[in-house]
Amino acid sequence: MSLEALLPSAIDGLMLGFVYGLAALGLTLIFGVMKVINLSHGPIIALGMFAVFILFSSFGVNPYLGVVAAALVGLLLGIAIYFVAVDRVIDATELTTLLATFSVNLMIIGVATVIFTTSPRSIDIDLGALRAGNVTILGTHGVAVAVAVLVAAALYGFLFRTRTGKSIRAVANNRAAAELMGIDSRRMLALAFGIGTALAMTSGALLATLFSFTILSGGTYELKSFVIVVLGGLGNPTGALVGGLVIGFLEGVLTVFLPVAWVPVVEYVIFVAVLLLRPAGLLGARA
Amino acid sequence: MRDLRAPFLPALLVFIAAVAAIPIVSNNPSLREELFLVLMLVTLASSINIIMGYTGYVSFGHIVFFGIGGYIAFWLMQTFNVHFLLAAIASAIPAALIAALIGIPILRLRGAYFALATVGINEAMKSFMTNFEPFGGAIGMFFSFSIYLQYGGAREAAFLAYYTMAAIALATVATSYVIRRSKFGLSLMAIREDQDVAMLVGIDPARAKVMAYVISAFFPALAGATFFFKNGIIEPGPAFDLLRSIESLVMVVLGGIGTVAGPIVGAALYEWLRGFLITNPTFANFQLAIAGLLLLLTVLFVTAGLVGSLRNRFPRLRAYIQ
Amino acid sequence: MILDVEGVTVRFGGLVACDAATLSVDQGQILGLIGPNGAGKTTLLNAINGVYRPLAGRVEFRGEDITGLRPFQVARRGIARAHQVVRPLSDLSVIANVTVGACFGRENLGLGAARRVAQEVIASLGLADKSETPAGKLNVAQKKRLELARALAARPMLLLADEVLAGLNPQEVAEMLTVFRTLREQGVAVIMIEHLMHAVMNVCDRVVVLDYGKKIAEGTPQQVSSDPKVIEAYLGDPKVAAKFLEEEGA
Amino acid sequence: MRGIRFFGLTLALVGLVASACGGTTTPGATTSAAPSQTTVTKDLIIGFTASQTGAQNVTSKRQTDGIQLWVDDVTKVGGIKLKDGTVLMPKVKFYDDESKTDRVQALYTKLINDDKVDFLLSPYSSGLVKAAAVVTEQNGRLMITAGGADDVTMEQGFKGVYQVYAPGSKYLVGAIDLMLKLDPTIKKVAIVNEKDSFSASVVAAANPYAKSKGLDVVVAEGYDTGTTDFNPFINKIQAASPDAIIGGGHFEDGTTFAKQLFEKRVNARFVALLVAPPEPTFKDIGDAAQFITDRYVAKYNSQPSYQSSGGYAAGLVLQKALEDAGSTDPAKIQAALDKIDLMLFYGRVKFSLDAKTHGKQVAHDMVYVQWQKGSDGKLATQIVWPSDAATAPAQLRK
């Protein structure tokens, strides 16, 4: 055990937590609006990584422009996924929607594996670093945090300040009532799925600027998103952001006291414990 | 009972046993390997069907019991040189106990929460095993080859594993059938449809659910013990493979959720399809994508699965196909 | 008395849904439970069969204190329940639905015996030709009958019937009332929540009136219907209420 | 450019090393068939599985390429000529094992019983090799393992499994010797390795060895296969400020680990990582890349790698055994394999004959390369250990 590692580990973890939170935000938004757990979340995160990678390596597009492009692609992709796989079964049991989104997972992984193989890729960006004592903050990590904060803020602005955003929240609260008020709930559901997907792709795109990845890398972040979303309360966007920070911070700090490999055990135990003791999450789910 | 007009169960068991005997009679080891896998998947799918199809609880991380059974049995065989059959049973009992212990709290959760909790438990178990050195940690355990000597050699051990897996599959299917036709099964289906109503007519849902969960954990544990005995190697990844877990759900849905024959049909079909796609040069690369497409089509348009749709289309068949 | 409810109080947060309610019913007796919407009638039934645990008070069934037992324990002692909002087990056939009722109740029948009981009950309620239909595919009236059939199949000693007549046409109502009379002849006790006043007048031996969770009147249907307190509770203005009751009773 | 100085000091070990050693066997060099005999040409079907999908897919592909390359080379010179005049034309038969042990077992059973292949090579990665070994042993067949360096596999009393890779236990022990020879004052060492069969067996030997040499192991951590974020480990390392870091695993994680060590400016004087650094794609971490030895590229017309060399070498070992045996009779081939003592481009190959560890590689030693700045100011890999094969003396950061 080395307390000297505490500060740098906590900072590293917390910064990653912002990006985790962004991914979890996408998952929780979809669940909150339509009670669907999106099992294609992981591959979509991976697609975000590859969107940036292709734009960067084949067309020389700045990775951060690539992040924007990934978000736009994500929006359209999400809407497409909604109409192809989710719309028809939106009122069916959770098993049905789980399997429907899982089938999308298989298709994305299947096709993308053929195109990209499972070879690891990485995007090399050097934005320098901030160093003080044994704390090193890499420029790429700093920018990722900033982008994550911006995106989350923009989402909140959208959900709470715009007419469309309010409609989405109305549909989330009570679909039948929203329809009586003249809201086209199907359009809102599709849009929500699109935004959720865009968030996942954005977080994937940011992760691609930090670490190397393969088309299968999304799985890890998908599981992490589950943990975060449950921690913050399924369907609660603020909970997802806070949960992301908590998990990031824990991942950083726990490594100081435990062998690093034990950290996931602790994470999953917390995950199950929260489900059992506080199924609404630490922050409580939105009614 | 009067409504057992069609000798469905004996017919089904004889059919499975007959198919299982083919590689033995024709002495075809590679068919034996394929069928070993199919029988294992039948066991997994039928077990999941008990908790998911009959009771309505989507146990996404059900593979955890397969892994637990495999690990405990493997450890017993390797460390204490316990006979395989004994080790298999000795591993299924703690697996069932664990199911009871975790079942009591998590079966209170409903819908997506339950599904997520089972995923969490599986992942927790996997990462725990990855660090648990007595069971070999991340590398897992590997048989000393001499272990197989007490069964007459590695080849004979493979046969023993095959017979055992066939027996487990038959037992699972028989259990699944008996449950479906029993009062206990009826209580499970009532819980699936409406837990509150079930409670109001006199069913103790907590008890019935835990029972179903324990039964559905028992057989996968046996299957895990057998599978890893034959493999001679166990690692956390293959033991707690979430993808395999989800694939078993897919098989249930493909064949027909809540029916006895559905999981069998689904497992055989899924495995056959995968075998076909993998060895077919045109489709090999798109294997996963095609599986996904098929699943989506099933989920969207053939909700009841193959067996379920048959039963719906031809009500007369209901007496003959369960 | 087969059932004695004494001073049962149920509270949801600050709202007292049931305030020291007291009633009793005997074998072969049909007790009407009436009152305006939100008077706590359904809550009281829920307190009797264990869905809610009363904050205070006592429920005694056949001399046994059953206060705070779980619903399935109450059901096994011979109390059955038919819901206001029908809750069929949609994917199961009609016969399976009713067999469920017969299986797990007081007599704890085997599957075969339960099925025979179910067949009888189904026939007596005119659902025989729908026996193999999935319950979800029945129409509303049929679902109502199914709901009652499931409760009756348990061969209860006490039936808690929550607005089983609502939404039925006059002929269907008449058929249902016959069923209740038969039950009475068989010695079954019934507590029925009902808004159809003429049905209450017609079939109930006694009536208990709840308002804001409190019992405000009890007696024969005639006594209760002329009680000004009751009329006021229903409509505020006794004159309008009297007129209303006359019309509906006609 | 600061990175270059750092990586100039990164030591790496690698299996594929210079043909500086004598006695090299190459495909074209064998002409042992007597000219008078009539030649019968037969196909020699070589079966194995490849991980075309799943976790091992990249490295497995390299091994398959290596095997294929050997087959092409042999075909080019007209096959393997046996003493009795038979000419064997090798052909490969392989399936996708999805990197799963159960697929491996089903497919090896199929290869043996349905496809009736003449000879078996192994899949890639220690875990899959074990699974395949169980099946080949069950069927009483021979298998040369191209990609499995784990020690435990070879200590199970197998009869027909032969290991080409040096067993894992050897991989980092030499690095510790080298390090202490360069600077006996080194005291604190951090060991961070991948948690897979191979790397674990490396560390299982290296850790006690380090302690026996009086070193203080200040960090001993394992990371999961597929780890991309090493910062938790690096923070721990930094807090413990070791003189040396050893460990790693395979290519991808090793590269990432090295890159992140550099980003965080870890001040170790000696870094030895498994497998990764000699790879040409090591360039991902900076300018250090373009200096991989041109020689391999020219000679084999393919990017060399540890894994493809393993595949190629497994082919060569099989070829030598067939030539020595002079027939395709399994018993004779097995006898020939037992006797083999071969110097390949790859290193020396000799198998253990002890009953318990039968078939384990006993002769192959690891070679260590270091990125060094040449007189022209550019970086190049130099072999620095063992000393008789060294192309340059090892350098240590001052």
Side-chain angles (χ1 to χ4, degrees), chain B residues 1-5 49 52-56 108 177-211 253 256-259 262 303-305 307-309 311-320 322, chain C residues 45-46 48-51 69-83 85-93 95-116 118-119 132-137 146-147 150-154 156 160 162:
Chain B
M1 267 193 322
R2 205 166 52 82
D3 47 51
L4 273 178
R5 281 162 305 189
N49 193 35
M52 182 176 81
Y54 298 166
T55 323
R108 287 186 320 210
Y177 177 85
V178 169
I179 288 179
R180 173 152 165 116
R181 305 296 313 217
S182 71
K183 193 172 152 176
F184 172 56
L186 190 62
S187 73
L188 297 182
M189 287 183 266
I191 292 168
R192 175 187 74 196
E193 296 297 318
D194 190 330
Q195 182 160 317
D196 298 333
V197 168
M199 182 127 78
L200 288 171
V201 299
I203 295 166
D204 179 353
R207 214 182 116 136
K209 286 188 291 190
V210 171
M211 280 272 283
V253 171
I257 186 166
T259 64
T303 326
V307 173
S309 302
R311 278 166 59 91
N312 290 347
R313 180 69 57 85
F314 306 106
R316 279 164 182 282
L317 283 179
R318 285 171 176 236
Y320 303 96
Q322 296 290 332
Chain C
L45 291 197
N46 280 336
I48 291 171
N49 76 343
V51 174
L69 289 187
R70 311 284 315 278
F72 60 88
Q73 293 168 318
V74 174
R76 288 172 188 176
R77 281 165 173 73
I79 300 179
R81 173 87 183 256
H83 287 91
V85 181
V86 291
R87 298 175 80 166
L89 308 172
S90 303
D91 274 1
L92 301 185
S93 63
I95 180 81
N97 263 270
V98 182
T99 307
V100 166
C103 252
F104 302 98
R106 181 167 59 88
E107 293 179 51
N108 197 19
L109 297 175
L111 207 52
R115 220 177 145 84
R116 280 190 291 279
Q119 273 158 348
E132 294 297 330
T133 312
K137 295 199 170 146
L146 174 64
E147 181 79 17
R150 194 171 60 207
L152 294 182
L160 307 176
D162 195 348

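Lettering of chains follows the sequences in order, A, B, ..., and the numbering in each one begins at 1.
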> Quick check on side-chain contact (heavy atoms from CB on, under 4.5 Å): which of I191(B), V201(B), V197(B) does L89(C) satisfy it with?
V197(B)

> Return the option, out of D91(C), V74(C), N49(C), with the maximum number of heavy-atom pairs under 4.5 Å with chain B.
D91(C)

> Does a side-chain heavy-atom distance below 4.5 Å link L200(B) with V51(C)?
yes

> Can you tell me how far apart CZ (F104(C)) and CD1 (I203(B)) are? Round to the nearest 0.5 Å.
4.0 Å

> Please report the shortest heavy-atom distance between S182(B) and L111(C), naming the atom on each side.
C-CD2, 3.7 Å

> Are any non-hydrogen side-chain atoms of V100(C) and M189(B) less than 4.5 angstrom apart?
no

> Is it the side chain or the backbone of R77(C) that comes within 4.5 Å of chain B heavy atoms, both, or neither?
neither

> Check this for me, if you would: do R70(C) and D204(B) make a salt bridge, where the nitrogen-to-carboxylate-oxygen distance has to be below 4.0 angstrom?
no

> Hey, is the main chain of P88(C) close enough, under 3.5 Å, to the side chain of E193(B) for a donor-acceptor pair?
no

> Under 4.5 Å heavy-atom distance to chain B, tell me which part of N108(C) shows up: side chain, backbone, both or neither.
both

> Okay, side chain of K183(B), backbone of L109(C): is any donor-acceptor separation there less than 3.5 Å?
yes

